[in-house]
Each structure stands twice: as C-alpha cells, then as structure tokens.
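This report refers to the structure that appears directly beneath it.
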Amino acid sequence: MSIVEVKQLAEQKMLQSIDSFKNGLTKIRTGRANPGLLDTVHVDYYGSMVPISQVANVSLLDARTISVSPWEKGMGAKIEKAIRDSDLGLNPAAQGDLIRVPMPAMTEERRKELTKVVRGEGEHAKVAIRNLRRDANDGIKKLVKDKLASEDDERRAQEDIQKFTDRFIAEVDKLVAGKEQDIMAV
C-alpha cells in the first residue's frame, strides 16, 4: 500500500461516515412531516417483511400529515398496524383506501431532547472520522518504518489527512446545526 492509497482510503471511509451520519439524521423526527420517516417501518407482505414504500405510495398531504396509499386493497390494515406498532409514536387513521398519518406537535422539552440526540450523533460521527485519521496516520508511519516512504512524505501526507479530517468535521457541524434548526422551528 502506498501513501496515495492510504490517503484515498481514509477519504473514502470519512465520506462513508458522513453518509451514514446523514442517513441517521433522517430518522430523527422534526416538527414537520417527512415521507422518509416511514422508511424504517416494515410491513408483512405475503410472509416477507418489506418497507412500506414497496407496498404503498408514501407522500405528504400537508406540512403535518403523511399519506400512505396501499397498492393492494387488503394491505391497508397491515400498514396501519405496522405504523402504529413502530417506535415512532405515530397514530395512523384510515379513510377509505387512504391512510393518514398526522404528526403530533412536539413540546419544547421534546425538541430540546432531540437536539441533544442530534449533537450526540454528531459527536459519534466526529469520533469515527478522528479514528479514521488515526488509522491513516498509523498506516503512513508503518510505511516510513518499513522504509517505503520518507519522513517528508509522511509529514505531507499527515497534513493532507488533517485537511480531510477538518473538512469532514466541519461538514458534520453544518449538518448538526441544520438539523437543530429544523427541530426547533415551529
């Protein structure tokens, strides 16, 4: 493995950490309705557990209501039960073929709790990025020890890796601030 490969691998893994963090943020509820909120809910479809989006059309009716339109007649009750049994705290209501999922208003206390959760997730993402930096630096030190790279190359590579790290940590901070703003908005 060369220094270039170590740097590329570190940058790829840091990018994956950011993607994972973004994915985790979508699961944290804000005051507004979001069809992505139901992505984690699975429903029994002929013996297989599948995401709701594979058996129904999930969209927004308004800022506080998600609508779920099953593609098959008999799936409405199963989808309604799956949403109710999920840990999202939602209470769906069927209206003919359409299932309405109103988003309950969040209390100020709940909003503050969620911002703490977002900050905690942000810290976990930063730790993951810093661990990747450490692993990359260790890989470069091993190359120097094995005489496959010079100490000047090591210093330059570590500076480059630090720049990646700073860039990705700033990205995490930006994502955390944006999510907190979404949560606290009324």
Side-chain angles (χ1 to χ4, degrees), residues 1-42 49-53 58 66 83 85-90 103-186:
M1 199 177 223
S2 70
I3 285 181
V4 172
E5 290 170 333
V6 169
K7 290 191 318 190
Q8 286 175 341
L9 185 65
E11 188 172 21
Q12 285 175 341
K13 287 185 175 180
M14 287 180 187
L15 197 54
Q16 288 173 347
S17 291
I18 292 287
D19 289 342
S20 174
F21 177 60
K22 284 179 184 175
N23 190 25
L25 283 182
T26 61
K27 292 173 179 57
I28 297 175
R29 196 178 134 220
T30 61
R32 291 188 295 268
N34 178 1
L37 195 61
L38 297 180
D39 287 349
T40 58
V41 180
H42 288 66
M49 295 304 283
V50 296
I52 286 180
S53 60
V58 180
I66 299 172
I83 294 171
D85 293 346
S86 71
D87 60 351
L88 297 173
L90 300 174
M103 301 298 294
M106 292 197 315
T107 63
E108 188 68 24
E109 183 180 320
R110 180 68 180 141
R111 290 177 192 273
K112 288 179 180 175
E113 277 178 37
L114 287 175
T115 58
K116 288 178 187 174
V117 169
V118 168
R119 286 186 193 132
E121 291 297 316
E123 282 306 311
H124 290 304
K126 288 180 188 179
V127 167
I129 290 169
R130 291 182 188 123
N131 286 341
L132 292 168
R133 174 189 62 190
R134 183 196 63 222
D135 294 345
N137 286 341
D138 289 348
I140 291 170
K141 286 177 185 173
K142 185 177 183 328
L143 290 173
V144 171
K145 183 180 170 200
D146 295 343
K147 307 257 189 265
L148 296 173
S150 70
E151 289 183 10
D152 288 342
D153 292 338
E154 173 190 16
R155 184 177 44 75
R156 280 192 292 273
Q158 286 181 344
E159 287 173 3
D160 289 345
I161 290 169
Q162 185 60 47
K163 287 177 188 171
F164 297 153
T165 304
D166 293 343
R167 187 177 83 220
F168 287 118
I169 286 182
E171 177 75 13
V172 168
D173 288 338
K174 189 174 90 176
L175 290 168
V176 166
K179 189 67 173 186
E180 284 180 350
Q181 196 172 15
D182 283 351
I183 291 171
M184 294 310 283
V186 176

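- Under the salt bridge (Lys or Arg N to Asp or Glu O under 4.0 Å) criterion, E109 pairs with no residue, sequence neighbours left out.
- With values rounded to the nearest 0.5 angstrom, F168 atom CZ is found 10.0 Å from L132 atom CG.
- Here the CD1-CD1 distance, from I18 to I169, works out to 8.5 Å after rounding to the nearest 0.5 Å.
- Judged as a salt bridge (Lys or Arg N to Asp or Glu O under 4.0 Å), and not counting sequence neighbours, the contacts of E180 are R119.
- In this structure E123 satisfies the salt bridge (Lys or Arg N to Asp or Glu O under 4.0 Å) test together with K126, sequence neighbours excluded.
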* To do: Please report the C-alpha distance between R155 and E151 in whole Å, then the side-chain angles of each, then the deciding distance to 0.1 Å, and finally whether the salt bridge (Lys or Arg N to Asp or Glu O under 4.0 Å) criterion is met.
  => CA-CA 6 Å; R155 184 177 44 75; E151 289 183 10; over 6 Å; no

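- Proximity of a side-chain donor or acceptor of E121 to a complementary backbone N or O of V118 within less than 3.5 Å is not detected.
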* Worked verdict on V41 versus L90 for side chain to side chain contact (heavy atoms under 4.5 Å, CB included) -> CA-CA 11 Å; V41 180; L90 300 174; over 6 Å; no

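- The CD1 atom of I129 lies 10.5 Å from the CG atom of D166; values are rounded to the nearest 0.5 Å.
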* To do: List the steps and the verdict of side chain to side chain contact (heavy atoms under 4.5 Å, CB included) for L148 and I3.
  => CA-CA 9 Å; L148 296 173; I3 285 181; over 6 Å; no

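- Between I66 atom CD1 and I83 atom CD1 the span is 8.0 Å, to the nearest 0.5 Å.
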Name the atoms and distances for all side-chain donor-acceptor pairs under 3.5 Å in residues 133-143, with sequence neighbours left out.
from: R133; atom 1: NH1; to: Q162; atom 2: OE1; distance (Å): 3.0
from: R134; atom 1: NH1; to: N131; atom 2: OD1; distance (Å): 3.2
from: K142; atom 1: NZ; to: D146; atom 2: OD2; distance (Å): 3.0

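- What you find for P51 and D39 is that their closest heavy atoms are CB-O, 4.2 Å.
- Atom CD of Q181 has 12 or fewer neighbouring heavy atoms from other residues, nucleotides or ligands inside a 6.0 Å radius.
- Among residues two or more places apart in sequence or in another chain, the salt bridge (Lys or Arg N to Asp or Glu O under 4.0 Å) test is passed with K174 by E171.
- A heavy-atom distance below 4.5 Å is found between the side chains of V176 and V172.
- Ion pair D153/R156 flagged as a salt bridge, since at least one NZ, NE, NH1 or NH2 atom sits closer than 4.0 Å to an Asp/Glu carboxylate oxygen.
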For a quick test of your reading: what N or O donor-acceptor pairs under 3.5 Å do the side chains of residues 7-17 make, sequence neighbours left out?
from: K7; atom 1: NZ; to: D160; atom 2: OD2; distance (Å): 2.7
from: E11; atom 1: OE2; to: R167; atom 2: NH2; distance (Å): 2.9
from: S17; atom 1: OG; to: K13; atom 2: O; distance (Å): 3.3

